[in-house]
Amino acid sequence: MDTLHLLLNAVTVIFIATTMFAAGLGATPAALRAVLTDLPLLLLALPANLVIVPLLGWGIAALFGLPAAAFTALVLVASSPGGPFGAKLAMVQTGDVVAGAAMQVLLAAAGSITFGLTSNGILSAAQVGAGISIDVAALVRTVAILQLVPFAIGLILRRYAPPTARSWHPVAAKVSNVTFVIVLAGMLAGNWHDVVGLLGSRTLLAGFLLSAVAFAIGTVLATGSPVRRTTMGGVTAVRNAGPALAAAGIAFGNDPAVLGALAAVLLSGLAAAIPIAALLTRGRGGSPT
């Protein structure tokens, strides 16, 4: 099982890096700058992801009366924005991939700093779980290495070697697609026992609802065309598993109940977000990148 986990971790790293690399290959500095300097968009998207969705997670957990482990898992996931699947969902829905990738990287960087304070504050106020202490420097390094660097390399190639970028982009996109499927299958296979054990509970429904409502919030609290707005919805719906898993290890000693609930929440969240993105691409007459 350790070998399988190592392999899945390796494939996950490849998925994240190639997804961001492909997004960089398809971006231009001008388009990227337009997103990161769009003050109205930032003033809507940042509070939506850093404040509103974490509070939504708290509200859903309280409303459903989730047990401590599931309550903790839902809050951890809700408090962690900028999941790399956000850039992939932009591709799946034939959306604004540049805007999605730029926002996802920005949120991952911001979330690496805010995650500990947000999740610990909510769990303390709800009187659930223990205090959370996260190595912020390690999270920032992870975001930089796995997300910022591949995105920047792709962007540089697009700027200075356009023919190379055009020829590499389809390959990077295919690798992203294949590893995406492997990661999903691996998450399910590696945690099937815990997920099955939660069938019939409200944990799966809570994760599904969190993602679906977050998709709507991200779409409404955005600016620009409908394509850009739904892209922001996808980025908001998909949370970053890295900090949540780190917290499960550091603050909860890899408690199997918490880990199982995390897997259930993350998978049920993807079960909500992926079909929405697929329906959007059908409506646009396109196909996933």
Side-chain angles (χ1 to χ4, degrees), residues 41-64 66-86 103-144 146-147 203 206-207 209-218 220-222 232-255 258-259 261-266 268-269 273:
L41 175 62
L42 296 179
L43 289 176
L44 290 171
L46 290 176
N49 280 273
L50 300 176
V51 179
I52 296 176
V53 173
L55 292 176
L56 173 67
W58 181 7
I60 292 174
L63 178 65
F64 283 14
L66 297 181
F71 195 116
T72 299
L74 194 69
V75 169
L76 292 180
V77 171
S79 301
S80 184
F85 282 99
M103 185 59 67
Q104 180 256 305
V105 170
L106 176 62
L107 288 170
S112 67
I113 298 171
T114 64
F115 169 76
L117 291 173
T118 303
S119 54
N120 191 44
I122 291 175
L123 292 175
S124 296
Q127 298 183 336
V128 175
I132 297 175
S133 175
I134 299 296
D135 188 340
V136 172
L139 288 179
V140 172
R141 285 196 300 270
T142 300
V143 169
L146 292 184
Q147 300 182 46
T203 303
L209 186 61
L210 173 69
S211 183
V213 176
F215 205 122
I217 290 172
V220 171
L221 296 181
M232 293 301 137
V235 171
T236 304
V238 179
R239 314 306 282 174
N240 197 345
L245 291 171
I250 296 170
F252 299 97
N254 285 319
D255 182 344
V258 174
L259 288 174
L262 272 176
V265 169
L266 290 168
S268 59

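All residue numbers in this chain count up from 1 along the given sequence.
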Practice problem: Check step by step if side-chain contact (heavy atoms from CB on, under 4.5 Å) holds for L221 and N49. | Solution: CA-CA 10 Å; L221 296 181; N49 280 273; over 6 Å; no

Approximate separation, where rounding is to 0.5 Å, of [X] [atom1] and [Y] [atom2]:
X: T118; Y: L55; atom1: OG1; atom2: CG; answer: 9.0 Å
X: L76; Y: I122; atom1: CG; atom2: CD1; answer: 9.5 Å
X: L56; Y: L63; atom1: CG; atom2: CG; answer: 10.5 Å
X: S119; Y: L74; atom1: OG; atom2: CG; answer: 12.5 Å

Might you point out which heavy atoms bring [X] and [Y] nearest each other, and give the distance in Å?
X: F215; Y: A273; result: CE1-O, 4.0 Å
X: G57; Y: A78; result: CA-CB, 3.8 Å
X: W58; Y: A125; result: CH2-CB, 3.6 Å
X: F71; Y: L66; result: N-CB, 3.8 Å
X: I60; Y: A206; result: CG2-CB, 3.8 Å
X: L41; Y: M232; result: CD1-CG, 4.1 Å

Has the side chain of [X] got a donor or acceptor atom that lies under 3.5 Å from a matching backbone atom of [Y]?
X: S79; Y: P54; result: no
X: N120; Y: G116; result: no
X: S268; Y: V265; result: yes

Got [X] and [Y] here, is their nearest side-chain heavy-atom distance under 4.5 Å?
X: L46; Y: L106; result: yes
X: N240; Y: F115; result: no
X: V128; Y: V75; result: no

